K.L.:
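Got a structure for you, written out below as structure tokens; questions coming shortly.
The chain is numbered in sequence order, starting from 1. In this text, all values refer to a predicted model and were calculated from it rather than measured experimentally.
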Amino acid sequence: MRLSKMLFVTLRDDPADAEIPSHKLLLRAGYIRRIGSGIYTYLPLMWRVLQKVSQIVREEMNATGAQECLLPQLQPAELWQESGRWDTYTKAEGIMFSLVDRREQQLGLGPTHEEVITTIARDMIRSYRQLPLHLYQIQTKFRDEIRPRFGLMRGREFIMKDGYSFHVDEVSLKETYQDMYQAYSNMLRRSGLAFRAVEADSGAIGGSGSTEFMVLADAGEDEVLYTPDGKYAANVEKAVSLAVDAVISPFTTYEKRETPGTQTIEQVCQLLNCSPTQVVKNVLYQTVYDNGVTVLFLVSIRGDQEVNEVKLQNELTKLASNYGAKAIISLDVPNAEMQQTWAAKSLPLGYIAPNLGDDYIAARKDLHPQFVRLVDKTAVDLKNFVTGANESGYHVVGANWGEQFELPSLVVDIRKARPGDRAVHDPNQILQTARGIEVGHIFQLGTKYSKAMGAMYTNEQGEENPLFMGCYGVGVSRLAQSAVEQSYDKDGIIWPVAIAPYHAIVTIPNIKDAQQVEIAQKLYTELNKAGVETLLDDRDERAGVKFKDADLIGIPYRIVTGRAINNGKVEVVKRATHESQEIAIEEVVNTLEQWVNEALGV
């Protein structure tokens, strides 16, 4: 491709609405253009990158025996209502674009395709002889993001590979899960990215085990906790660890103390001269389930720990059936306005005890009539602890479970793991932190969707059983931008060779010099013939502008037909290192072909 014929416009200044380096660079270098909030056009250079990423993904998926298909973007609401996720996606998380057609039928634009694929399996899979089966697609997806940001990282329209596997049992599912773990690792290595596979929360997708594939980058929205021995890594939402040991309490007898103006743990500890590890703090949460029932949960946790609300939501979702519900619509620490809708009297905020009385709740049909109490494991073994007295301005000290307070029957792990904690697998390993961009996620769904939607198969004995399912996603457009976030410098993008839009760019410093033009065109033709994808910068621009643009767009190798041609050579510059060398014109094609093949592992 000749640059003079391409839709190619670069910007010298960073766009005002771009926040992270990769977003700024993709806009400046003419790869993408914003059309609306979270909506982007992929311009010719970007489309080539996306095609290369897609091809790597496709090759790795096909190598596992997965079959490519294409599923509809427009999905009937009744499929999602069957699975129980319609309210979760349209109300609780609110990420699905939903609409009503001219026949008054509700539809959604697909953020994911579990319901569609399960419907296909229900209609077409009859026997164990058809299993295992693995289908995938590379498709545009939609999410109604509350705050679209970072360009292609968190857009409202994006390209994704999602795959779904079907099995007779969990053993078969785990085999495919491991195949996908390897395939995803291969995809990221082949794309030239540094990454880490981490344990993750399954979120609204559901299922048992799940693994995220994180591209390591400072601008990553996710925090990863890992151990130096390489044996543990997890998203902070999922991570587990051993909390530091609690300090022995200085209080030996139970008594009520006046503690005015101590609504924080820090203030309480300062006044009572104690450690936060000796405090039981009690946090009230208001949960609204998908059937409209509101439940108030009182969570007791050690004073030096934080509640991980993702873990908490998972625990409360398990309890949904107790209240005739399937999913959570909202989970909040209730503010004053929320409290007014159910409180019979003012709460002693900042001074709540584990036995806060049910008389604080007014009678209401849609409200569960009592506090449901949970205790985090960190608070269970505390002796002679400090906690609220259910009276503003007062705490109690020297309290114990089984004496002054009944230990809640629901004991859970809902604390937030953090850097510096000890690892569960080896207490000598201390958790460290890194930032990551989630580009892939694989799930063991089990029978969640097949049971809900009646997707069955007949086994060898003629018995009907629900299909076991797996789900596997890669963000194609997000992966492409992640590569930029991981590899750039002050001059622009540094693409890995495997996904660069072109391998090389031949730059003519002076298009009025016939010899420069002739040699450039010859090299351009021969390089492309040899499989080295090459751009020709034949624009009528100053040499400096061309060099800056070449660096900005990040093409791995730049060939300059400048003064060196008088000696039968051209200058070749490696974008990643700015290393420059003069190479004989007749050796350029073989040299570039070798460099590209080495980079691609051919």
Side-chain angles (χ1 to χ4, degrees), residues 50-76 79 83 110-142 158-191 205-207 209-211 213 439-450 452-460 465-479 499:
L50 294 173
Q51 286 179 309
K52 290 190 174 186
V53 173
S54 297
Q55 188 57 27
I56 289 171
V57 169
R58 186 173 280 117
E59 287 170 5
E60 292 298 332
M61 292 300 296
N62 291 349
T64 69
Q67 303 171 58
E68 187 171 6
C69 61
L70 190 63
L71 305 173
Q73 295 170 330
L74 203 56
Q75 304 182 22
L79 298 185
S83 71
T112 184
H113 278 73
E114 283 80 11
E115 283 77 6
V116 169
I117 204 75
T118 305
T119 300
I120 291 167
R122 179 177 63 193
D123 294 347
M124 299 187 72
I125 295 176
R126 293 284 176 264
S127 166
Y128 71 94
R129 293 187 180 89
Q130 294 171 270
L131 302 170
L133 176 69
H134 190 170
L135 301 173
Y136 78 95
Q137 63 170 345
I138 297 174
Q139 166 77 286
T140 299
K141 300 293 184 90
F142 304 88
F158 54 95
I159 298 173
M160 182 178 173
K161 187 286 296 182
D162 54 325
Y164 306 90
S165 61
F166 300 90
H167 310 267
V168 296
D169 56 26
E170 196 169 7
V171 173
S172 174
L173 166 58
K174 286 184 174 177
E175 287 174 359
T176 296
Y177 187 82
Q178 286 304 315
D179 288 344
M180 286 300 100
Y181 187 102
Q182 188 58 55
Y184 276 41
S185 299
N186 293 346
M187 290 172 197
L188 294 172
R189 286 194 193 99
R190 286 183 59 188
S191 298
I205 299 291
S210 80
T211 301
F213 291 81
V439 295
H441 204 156
I442 60 177
F443 303 83
Q444 296 177 49
L445 296 177
T447 57
K448 173 181 175 176
Y449 295 91
S450 54
M453 301 182 70
M456 314 291 282
Y457 76 96
T458 304
N459 66 14
E460 289 180 81
N465 292 308
L467 291 159
F468 280 79
M469 290 176 60
C471 167
Y472 321 97
V474 168
V476 171
S477 47
R478 178 180 281 202
L479 188 154
I499 61 174

K.L.:
Could you tell me whether a side-chain N or O of Arg126 sits under 3.5 Å from a main-chain N or O of Asp123, the two making a donor and an acceptor?
P.N.:
yes

K.L.:
Any side-chain heavy atom of Thr118 within less than 4.5 Å of one from Leu467?
P.N.:
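Side-chain contact under 4.5 Å: no.
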
K.L.:
Taking C-beta and beyond as the side chain, do Tyr177 and Thr211 meet within less than 4.5 Å on heavy atoms?
P.N.:
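Result yes, sub-4.5 Å side-chain heavy-atom pair found.
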
K.L.:
Do Leu50 and Val476 have side-chain heavy atoms sitting under 4.5 Å apart?
P.N.:
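They are in contact (side-chain heavy atoms under 4.5 Å apart), so the answer is yes.
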
K.L.:
Tell me, with the steps shown, if Lys448 and Glu114 meet salt bridge (charged side-chain N to carboxylate O under 4.0 Å, His left out).
P.N.:
CA-CA 10 Å; Lys448 173 181 175 176; Glu114 283 80 11; over 6 Å; no

K.L.:
Any chance the side chains of Glu59 and Gln55 put a donor and an acceptor closer than 3.5 Å?
P.N.:
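There is such a pair (donor and acceptor under 3.5 Å, judged by atom type) between the side chains of Glu59 and Gln55.
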
K.L.:
Just by distance, no angles: are the side chains of Lys141 and His113 close enough, under 3.5 Å, to form a donor-acceptor pair?
P.N.:
yes

K.L.:
Considering only heavy atoms from C-beta outward, does the side chain of Met180 approach that of Met61 to under 4.5 Å?
P.N.:
yes

K.L.:
Got Gln51 and Ser54 here, is their nearest side-chain heavy-atom distance under 4.5 Å?
P.N.:
no

K.L.:
When rounded to the nearest 0.5 angstrom, what distance separates OG1 in Thr112 from CG in Leu71?
P.N.:
10.0 Å

K.L.:
Can you check whether Glu175's main-chain N or O pairs, donor with acceptor, with Gln178's side chain at less than 3.5 Å?
P.N.:
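Not a single qualifying donor-acceptor pair exists.
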
K.L.:
Please check if any side-chain donor atom of His134 sits under 3.5 Å from a side-chain acceptor atom of Thr176, or the reverse.
P.N.:
no

K.L.:
Between CG of Leu135 and CD1 of Ile120, what distance do you get to the nearest 0.5 Å?
P.N.:
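Between atom CG of Leu135 and atom CD1 of Ile120 there are 7.0 Å.
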
K.L.:
Going by atom types alone, do Ser165 and Tyr472 pair a side-chain donor with an acceptor below 3.5 Å?
P.N.:
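There is such a pair (donor and acceptor under 3.5 Å, judged by atom type) between the side chains of Ser165 and Tyr472.
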
K.L.:
With a 6.0 Å cut-off on ring centres, are Tyr128 and Tyr457 close enough?
P.N.:
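That pair fails the under 6.0 Å test.
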
K.L.:
Do Gln444 and Ser210 have side chains that get closer than 4.5 Å, going by heavy atoms?
P.N.:
no

K.L.:
When rounded to the nearest 0.5 angstrom, what distance separates CD1 in Ile56 from CG in Leu188?
P.N.:
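Answer for the CD1-CG pair, Ile56 versus Leu188, is 9.5 Å.
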
K.L.:
Can you confirm whether the side chains of Tyr164 and Asp162 place a donor and an acceptor under 3.5 Å from each other?
P.N.:
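There is such a pair (donor and acceptor under 3.5 Å, judged by atom type) between the side chains of Tyr164 and Asp162.
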
K.L.:
Between Val474 and Met187, is any pair of side-chain heavy atoms under 4.5 Å apart?
P.N.:
yes

K.L.:
When you measure from the side chain of Tyr184 to the backbone of Ile442, do you find a donor-acceptor pair of N or O atoms at a distance under 3.5 Å?
P.N.:
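Checking the backbone N and O of Ile442 against the side chain of Tyr184, no donor-acceptor pair under 3.5 Å is found.
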
K.L.:
Rounded to the nearest 0.5 Å, how far does CZ of Arg122 lie from CE of Met453?
P.N.:
5.0 Å

K.L.:
Just how far is it from atom CG of Leu79 to atom OG1 of Thr119, taken to the nearest 0.5 Å?
P.N.:
4.0 Å

K.L.:
For Gln73 and Gln139, test the side chains for any donor-to-acceptor distance below 3.5 angstrom and give the result as yes or no.
P.N.:
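Judged by distance alone, the side chains do pair up.
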
K.L.:
Under 3.5 Å, is there a donor on one side chain and an acceptor on the other for Asn62 and Tyr136?
P.N.:
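There is such a pair (donor and acceptor under 3.5 Å, judged by atom type) between the side chains of Asn62 and Tyr136.
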
K.L.:
So do the side chains of Gln182 and Asp179 get within less than 4.5 Å of each other, counting heavy atoms only?
P.N.:
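Answer no - side chains too far apart.
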
K.L.:
Under the 3.5 angstrom rule, does the side chain of Ser477 hit a backbone N or O of Ile159 as a donor-acceptor pair?
P.N.:
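Confirmed, Ser477 side chain pairs with Ile159 backbone.
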
K.L.:
Please round to the nearest 0.5 Å and tell me the distance separating atom CG of Leu131 and atom NE2 of His167.
P.N.:
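Here the interatomic distance stands at 8.5 Å.
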
K.L.:
Quick one: does Ser172's side chain have a donor or acceptor within less than 3.5 Å of a partner on Val168's backbone?
P.N.:
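No: the side chain of Ser172 does not pair with the backbone of Val168.
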
